[in-house]
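Down below is the structure, laid out as structure tokens.
Residue numbers begin at 1 in each chain, while the letters A, B, ... track the order of the sequences.
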Number of protein chains: 2
Amino acid sequence: MSASARVPSFGCTCARLRKLARRVTRIYDAYLAPQSIKVTQFSLLVNATSRERTVSEFAAELEMDRSTLSRNLAPLVAQGWVSIAIGADTRSRSISVTAAGRRKLKAALPLWRKAQCEVESMLGTESVAQLHQNIRQALATLPNPTGKHA
Amino acid sequence: MSASARVPSFGCTCARLRKLARRVTRIYDAYLAPQSIKVTQFSLLVNATSRERTVSEFAAELEMDRSTLSRNLAPLVAQGWVSIAIGADTRSRSISVTAAGRRKLKAALPLWRKAQCEVESMLGTESVAQLHQNIRQALATLPNPTGKHA
DNA sequence: TGCATATAGGTGTAACTACACGCATATGCT
DNA sequence: AGCATATGCGTGTAGTTACACCTATATGCA
């Protein structure tokens with residue numbers, strides 16, 4: 001009945017999402033730590049293996065700023081897991097996973113799997129499926145102002 | 001039928017969660033930009049207004065590393081929105097929102113509300129409710145290795 | 001061919017995140 | 001009271017994220 005009754009029904013969606021992301025990231029990172037790789041880097045490596053891509057293409061797929069991707073690739077390049085070559089278009093760069101990167105991926109995969117399964121078993125397969133469905137729907141629905149913004 | 005059939009059923013939960021968090025954060029930040037405040041800072045301010053807390057207490061609530069909170073508070077202090085005083089225990093610090101902070105909060109609230117409502121209307125109230133429920137359950141279930149880790 | 005424009009990518013800056021570690025203060029035990 | 005230990009917090013270091021802007025190359029048009 002108060003004057004501010006029109007406040008949204010839930011807590012800040014963004015804050016809750018970030019909080020969960022922090023929690024989950026810590027869990028995955030803890031599992032991956034023995035292989036000295038972070039879940040963000042692991043994901044980059046996994047996604048990069050499928051095929052070669054330019055920075056812009058990869059950034060678009062990941063819905064990440066180009067400059068962010070550039071910086072996130074740097075440690076992978078430093079570790080020798082990824083190499084960045086000049087593309088057909090001289091301005092572009094072609095991202096590829098090195099042999100060492102594939103080895104690292106292979107070594108880290110079981111640890112990632114443990115983290116993934118652990119989370120799944122703790123939350124329950126049902127809940128995880130629902131969460132993934134929610135995320136999928138949200139990503140399909142929400143606007144994506146990545147890169148240059150209107 | 002392959003040897004690696006035991007891979008988890010979904011994509012990396014952590015990566016998907018982070019991707020959505022990036023997307024949603026960009027949306028909220030875009031709405032809040034006119035007030036020169038980010039959603040992370042806005043959340044900090046909102047949560048800090050309820051009562052005074054030490055850094056450790058606040059970090060525990062936010063499930064954020066103490067050092068992270070320290071650093072995230074710095075820009076708020078620099079803007080004069082938050083003040084940090086020495087607590088009863090001389091080692092501790094008492095975090096409080098200043099008058100300027102409350103003004104900033106008041107000015108930013110409608111923008112936050114717009115973002116929150118926009119997201120809710122795009123996803124549908126139903127879906128947002130379900131997402132929040134999923135997040136709540138996950139936060140209640142998953143272990144929280146914040147701070148010193150076992 | 002040559003210039004204007006568009007595009008690919010990186011840098012500067014700044015904030016968010018966390019672990020390891022160190023400093024200072026508080027507490028407990030003798 | 002004095003010392004060992006525990007606790008609160010910041011710093012060092014490193015990675016993640018994004019916007020503004022710059023450089024270099026490619027493209028399109030005269």
Side-chain angles (χ1 to χ4, degrees), chain A residues 14-15 18-19 21-30 32-33 36-44 53-60 62-79 84-95 144-150, chain B residues 14-15 18-19 21-30 32-33 36-44 53-60 62-79 84-95 144-150:
Chain A
C14 188
R18 290 181 66 93
K19 189 174 192 173
R22 282 198 301 272
R23 183 96 75 92
V24 173
T25 299
R26 280 195 301 267
I27 294 172
Y28 278 72
D29 278 351
L32 288 169
S36 304
I37 191 171
K38 306 190 133 234
V39 65
T40 43
Q41 304 175 333
F42 177 81
S43 287
L44 238 45
R53 264 158 296 203
T54 66
V55 173
S56 288
E57 288 167 352
F58 203 18
L62 300 166
E63 292 180 11
M64 181 181 286
D65 193 83
R66 270 193 328 257
S67 66
T68 300
L69 179 56
S70 262
R71 292 202 155 98
N72 290 357
L73 285 174
L76 302 188
V77 173
Q79 292 291 324
I84 298 183
I86 294 181
D89 184 330
T90 318
R91 295 170 302 178
S92 71
R93 301 284 181 269
S94 185
I95 301 164
N144 175 21
T146 300
K148 75 272 311 218
H149 55 120
Chain B
C14 188
R18 290 181 66 94
K19 189 174 192 173
R22 280 197 302 273
R23 185 96 75 91
V24 172
T25 298
R26 279 195 301 268
I27 294 172
Y28 277 73
D29 278 351
L32 288 169
S36 304
I37 190 170
K38 307 188 135 238
V39 64
T40 43
Q41 305 175 333
F42 177 80
S43 288
L44 238 46
R53 263 158 297 202
T54 66
V55 173
S56 289
E57 288 167 352
F58 203 18
L62 301 166
E63 291 180 13
M64 179 180 289
D65 193 83
R66 268 194 331 247
S67 66
T68 301
L69 179 56
S70 264
R71 291 202 157 96
N72 290 358
L73 285 173
L76 303 188
V77 172
Q79 293 291 326
I84 298 183
I86 294 181
D89 183 331
T90 317
R91 294 170 302 178
S92 71
R93 300 285 179 267
S94 186
I95 301 164
N144 175 20
T146 301
K148 76 270 318 221
H149 55 118

*Go through the N and O atoms of the side chain of A/Arg71 and the base of C/dG12, and report whether any donor-acceptor pair is under 3.5 Å.*
yes
Nearest-Å distance for atom pair [atom1]/[atom2], residues [X] and [N]:
X	N	atom1	atom2	result
B/Arg66	D/dT11	CZ	P	13 Å
B/Arg18	C/dC16	CZ	C1'	10 Å
B/Leu69	D/dC9	CG	P	9 Å
A/Asp29	C/dT17	CG	P	14 Å
B/Met64	C/dC16	CE	C1'	8 Å

*Can you sort out the partners of A/Ser94 under side chain to side chain donor-acceptor pair (under 3.5 Å), two or more places apart, ordered by chain and number?*
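For A/Ser94, the residues satisfying side chain to side chain donor-acceptor pair (under 3.5 Å) (neighbours in sequence not counted) are A/Glu52.
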Would you mind classifying the nucleic acid contact of [X] as base, sugar-phosphate or nothing, using non-hydrogen atoms under 4.0 angstrom?
X	answer
A/Thr54	sugar-phosphate
B/Asn72	base
B/Thr68	base
B/Ser67	base

*Does the A/Arg18 side chain pair with the main chain of B/Thr25, one donor and one acceptor, at a distance under 3.5 Å?*
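Not confirmed, A/Arg18 side chain does not pair with B/Thr25 backbone.
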*Work out which heavy atom in B/Asn144 is nearest to a heavy atom in B/Glu63; give both atom names and the distance.*
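Smallest heavy-atom distance, with atoms named: ND2-CG, 3.5 Å.
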Sequence neighbours left out, cut at 3.5 Å: what donor-acceptor pairs do the side chains of residues 69-76 of chain B make with other protein atoms?
none

